[in-house]
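Heads up: the structure comes next, in structure tokens.
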Amino acid sequence: MKKKRHWFWNLLLVLTIIVCILAFIAHFKNWTKIEDGKLQLLSGFYYKELQLSELDSVKWVERLPPMQRLSGFSAFDKGKGIYQEFKDSLTDEEVHVYIDNFSNRKIKLVYNDSLLLYMNMKDSLDTDALFLFLEEQLATKVEAPN
């Protein structure tokens with residue numbers, strides 16, 4: 001006679017699979033949203049909301065500088081999380097990294113005078129479009145200062 005599994009374990013198994021699928025989808029790419037003068041970035045557990053008025057510079061970079069990972073991950077061609085630059089022992093600013101494709105160029109955002117954020121999208125055309133939008137926002141900020 002075959003013993004049946006309890007319904008609780010079946011439910012727990014299904015919920016575990018659903019949570020794993022949702023975690024994969026959340027980390028699969030950078031989810032960006034621009035509204036009300038804010039750039040919102042979501043990538044897995046990492047969420048960053050940046051006021052477009054706080055932008056100081058937007059630049060292209062080919063490679064990331066050497067950094068130490070405080071939290072996050074690097075896997076295959078992705079790197080996400082909070083890092084710290086290797087400049088000197090006095091530098092303890094966190095650098096947010098949302099990279100979906102290390103082989104493509106990255107956007108370097110400087111905001112609040114010295115805080116850094118590096119990002120790109122899986123598709124380089126999406127990255128180009130976001131860069132042009134951010135550059136345009138920065139130009140309008142310079143033209144009409146507070």
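The structure presented is a predicted model; accordingly, all values stated were derived computationally and were not measured. Atoms considered below: every heavy atom in the structure, side chains included; atoms not considered: hydrogens, waters and symmetry mates.
- Within the 3.5 Å criterion, the main-chain N or O of Asn112 finds a donor-acceptor partner in the side chain of Asp56.
- Residues Asp128 and Trp60 come closest through the heavy atom pair OD1-CH2, 3.4 Å.
- Taking each heavy atom of Arg105 and Asn120 in turn, the nearest pair found is O-ND2, 3.4 Å.
- Around the CZ atom of Phe45, the shell of radius 6.0 Å holds no more than 12 heavy atoms that belong to other residues, nucleotides or ligands.
- A side-chain donor-acceptor contact under 3.5 Å links Asp123 to the backbone of Leu125.
- With values rounded to the nearest 0.5 angstrom, Asp100 atom CG is found 11.5 Å from Lys106 atom NZ.
- At a cut-off of 3.5 Å, with distance as the only test, a side-chain donor of Tyr47 or Glu49 sits close to an acceptor on the other residue.
- Minimum interatomic distance between Asn104 and Ser124 (heavy atoms only, all atoms of both residues): ND2-CB, 3.8 Å.
- Atoms CG and CG, from Leu134 and Leu50 in turn, are 8.0 Å apart once rounded to the nearest 0.5 Å.
- Counting all heavy atoms, side chain and backbone alike, Leu55 lies closest to Leu138 at O-CD1, 3.4 Å.
- For the atom pair Leu22 CG and Ile17 CD1, the distance stands at 12.0 Å (nearest 0.5 Å).
- Here Tyr83 contributes atom OH and Ser71 contributes atom OG; the two are 8.5 Å apart, rounded to the nearest 0.5 Å.
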Walk me through whether Val97 and Met67 qualify under side-chain contact (heavy atoms from CB on, under 4.5 Å).
CA-CA 10 Å; Val97 175; Met67 293 187 282; 3.9 Å; yes

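- Evaluation of the ring pair (Phe, Tyr, Trp, His ring centres under 6.0 Å) test over residues 5-25, restricted to residues two or more places apart or in two chains, returns Phe24-Phe28.
- A single hydrophobic cluster is not seen to contain both Leu70 and Phe73; linkage of ILVMFWY side chains at heavy-atom distances under 4.5 Å, directly or through other members, places them apart.
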Go through the steps for Val58 and Phe133 under the test side-chain contact (heavy atoms from CB on, under 4.5 Å), then give the verdict.
CA-CA 10 Å; Val58 178; Phe133 174 80; over 6 Å; no

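- Atom NE2 of His96 is separated from atom CG of Leu115 by 7.5 Å, given to the nearest 0.5 angstrom.
- Closest non-hydrogen pair, Leu116 versus Lys108, comes out as CD2-CE, 3.5 Å.
- Pairing each heavy atom of Leu64 with each of Phe102, the nearest pair is CD1-CE2, 3.6 Å.
- Under the 4.5 Å side-chain criterion, counting only non-hydrogen atoms from C-beta, Met119 is in contact with Leu130.
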If you apply the rule side-chain contact (heavy atoms from CB on, under 4.5 Å), what do you find for Asp126 with Thr32, and how did you get there?
CA-CA 10 Å; Asp126 292 339; Thr32 59; over 6 Å; no

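- Inter-residue side-chain proximity for Thr127 and Met121 is flagged as met; some heavy-atom pair is nearer than 4.5 Å.
- With values rounded to the nearest 0.5 angstrom, Asp113 atom CG is found 10.0 Å from Glu54 atom CD.
- Under the side chain to side chain donor-acceptor pair (under 3.5 Å) test applied with Ser43, the options Lys80, Lys48, Lys78, Lys29 reduce to a single match, Lys80.
- A single hydrophobic cluster is seen to contain both Leu42 and Ile21, as judged by linkage of ILVMFWY side chains at heavy-atom distances under 4.5 Å, directly or through other members.
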